[in-house]
Amino acid sequence: MQLTVAGGESRAARAFFAEAERALRNIERQFSLYTGSELTRLNAIGRLAQPSAGMVALLELAGRVHDATGGAFDPTVQPLWDARRRGGDETAARALVGWGGVQITPQEIRLSRPGMALTLNGIAQGAAADRLAEIARSHGLREVLIDAGEIRALGARDWQARIEAPGGQPVRELALRERALATSAALGTRIGPAQRPHILGPGGEAPHWALVSISADSAALADALSTAAVLLDRPAIDRALARFPGARLEALAG
């Protein structure tokens with residue numbers, strides 16, 4: 001996590017940093033797979049009563065990206081991801097995947113089949129950057145660069161951002177102004193005995209691309225789109241981006 005503030009009062013910046021730390025802890029309590037979060041409670045029993053507004057909003061965005069990407073972005077891949085990590089048979093896990101089995105209302109989130117589970121790893125880092133941007137603005141800070149794994153730039157200045165391959169090799173540098181940037185690298189992490197890419201499609205599909213970077217007005221949107229785009233051919237990427245005005249492909253590597 002890196003927060004850079006240009007200008008503004010030092011007292012406002014200190015207040016922002018303090019509130020940002022609290023906000024990140026709250027995001028963990030909502031979206032983490034490894035703590036007693038809303039997400040782990042949902043996955044454990046298949047339903048979450050009285051979900052937070054943030055959880056509902058993030059799942060609704062996930063649904064829109066799922067539709068725009070022809071189903072490539074699908075947080076219900078978690079059982080399949082777990083099976084692949086263990087190196088076990090994936091047949092039963094594939095039967096648990098399907099966004100149509102997720103029911104979302106402000107009162108309850110429900111998973112329709114026992115054993116279903118969600119992962120928000122392809123969208124939550126972007127959501128964290130967006131939340132920190134809201135907090136910065138609430139403290140009167142206008143020129144801020146937020147790097148929460150995905151990048152969100154605030155203000156009229158051009159913030160320089162670098163897109164790098166997993167090994168650190170530079171791919172592209174670009175200027176961001178009131179914009180977010182997310183990069184997904186299929187081979188950035190490998191899972192299971194076969195060391196396969198950590199990004200997988202809802203049917204276990206392998207990635208088309210080694211790296212995709214997408215910019216958008218929202219870091220959560222850019223995060224989800226870049227995750228899905230790794231699995232799509234170029235025409236499908238273009239169709240998905242056309243559904244979200246302002247979203248742009250910034251880097252693509254095979």
Side-chain angles (χ1 to χ4, degrees), residues 1-5 16 19-20 23-24 26-28 30-32 38-39 51-70 72-75 99 104 106 118-139 141-161 163 174-185 199 211-232 237-252:
M1 167 64 66
Q2 184 172 346
L3 305 175
T4 305
V5 176
F16 165 54
E19 188 173 350
L24 289 172
N26 187 57
I27 288 167
E28 284 282 315
Q30 290 176 305
F31 308 136
S32 173
E38 287 187 274
L39 181 60
S52 66
M55 175 63 81
V56 172
L58 197 63
L59 291 183
E60 288 177 343
L61 175 59
R64 293 196 296 274
V65 177
H66 175 271
D67 291 345
T69 59
F73 185 75
D74 193 330
W99 186 251
I104 307 163
L118 306 185
T119 173
L120 297 175
N121 287 353
I123 193 172
Q125 283 187 324
D130 287 337
R131 176 64 185 129
L132 296 185
E134 292 173 0
I135 294 169
R137 286 197 172 102
S138 75
H139 287 282
L141 300 173
R142 296 291 178 263
E143 304 287 341
V144 182
L145 184 67
I146 297 160
D147 186 345
E150 315 303 348
I151 298 171
R152 179 75 184 266
L154 302 183
R157 69 158 54 198
D158 288 334
W159 292 96
Q160 296 302 307
I163 299 169
L174 70 160
L176 296 177
R177 181 187 299 181
E178 284 293 338
R179 198 159 181 79
L181 176 72
T183 298
S184 293
I199 299 176
L211 178 145
V212 180
S213 291
I214 288 174
S215 68
D217 295 337
S218 153
L221 175 60
D223 193 2
L225 285 171
S226 69
T227 301
V230 167
L231 301 164
L232 300 174
I237 292 174
D238 292 340
R239 288 194 297 271
L241 295 181
R243 296 277 294 273
F244 299 97
R248 286 200 304 265
L249 181 66
E250 301 291 359
L252 188 67

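Any value given below was found using the heavy atoms of this structure, including those in side chains, with hydrogens, waters and symmetry copies removed.
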Show, in sequence, the C-alpha distance, side-chain angles and deciding distance for S32 and L39, and conclude whether the side chain to side chain contact (heavy atoms under 4.5 Å, CB included) test is met. CA-CA 6 Å; S32 173; L39 181 60; over 6 Å; no
Could you go through the side chain to side chain contact (heavy atoms under 4.5 Å, CB included) check for W159 and E143 one step at a time? CA-CA 9 Å; W159 292 96; E143 304 287 341; 4.2 Å; yes
Distance-only, no hydrogens or angles: does the E178 side chain make a donor-acceptor pair with backbone N or O of D217 under 3.5 Å? no
Determine whether V144 and T4 make a side-chain contact, defined as any pair of heavy atoms from C-beta on separated by less than 4.5 Å. no
Testing the basics here: between A128 and A148, what is the closest heavy-atom pair and its distance to 0.1 Å? CB-CB, 4.4 Å
Under 3.5 Å donor-acceptor, D130 side chain and A220 backbone: yes
Output the distance between atom OG (S218) and atom CD1 (I123), rounded to the nearest 0.5 Å. 7.5 Å
Are L58 and E60 close enough that some pair of their side-chain heavy atoms sits under 4.5 Å apart? no
Between E134 and R137, is the closest basic N to carboxylate O distance under 4.0 Å? no
Check whether any side-chain heavy atom of T69 sits under 4.5 Å from a side-chain heavy atom of R243, and report yes or no. no
Flag the pair L24 / M1 as yes when at least one side-chain heavy-atom distance between them is below 4.5 Å, and no otherwise. yes
Evaluate L174 against E250 for side chain to side chain contact (heavy atoms under 4.5 Å, CB included), listing each step before the verdict. CA-CA 9 Å; L174 70 160; E250 301 291 359; 3.8 Å; yes
Is there side-chain contact between I199 and S184, with heavy atoms separated by less than 4.5 Å? yes
From Q125 atom CD to L120 atom CG, the distance as rounded to the nearest 0.5 Å: 12.0 Å
Do E150 and R152 meet the salt-bridge criterion of a basic N to acidic O distance under 4.0 Å? no
Side chain to side chain contact (heavy atoms under 4.5 Å, CB included) evaluation trace for L252 with I237: CA-CA 11 Å; L252 188 67; I237 292 174; 4.2 Å; yes
Between A219 and A129, the two heavy atoms sitting closest are CB-CB, 3.8 Å
One should read off an interatomic distance between Q30 CD and E38 CD, to the nearest 0.5 angstrom, of 5.5 Å
Can you confirm whether R131 sits close enough to I27 that some side-chain heavy atom of one is under 4.5 Å from a side-chain heavy atom of the other? yes
Got a second to check how far S226's OG is from L249's CG, nearest 0.5 Å? 10.5 Å
Shortest non-hydrogen contact between A68 and F244, atoms and distance: CB-CE1, 3.5 Å
Let me confirm one number: the CZ-CG distance from R177 to L154, rounded to the nearest 0.5 Å. 13.0 Å
Of L145, I163, I146, T183, the one forming a side chain to side chain contact (heavy atoms under 4.5 Å, CB included) with I151 is L145
Using a 4.5 Å cut-off on heavy atoms from C-beta on, say whether the side chain of T227 contacts that of N121. no
Rounded distance [0.5 Å steps], NE2 in H66 versus CZ in F73: 9.5 Å
Minimal heavy-atom distance between P106 and P51, with the atoms involved, is O-CD, 3.5 Å
Between A23 and I135 the two heavy atoms that sit nearest each other are CB-CD1, 3.4 Å
Between W99 and P75, is there a donor-acceptor pair closer than 3.5 Å when you use the side chain of the first and the backbone of the second? no
Minimum-distance pair of heavy atoms, taken over all atoms of Q160 and A175: NE2-CB, 3.6 Å
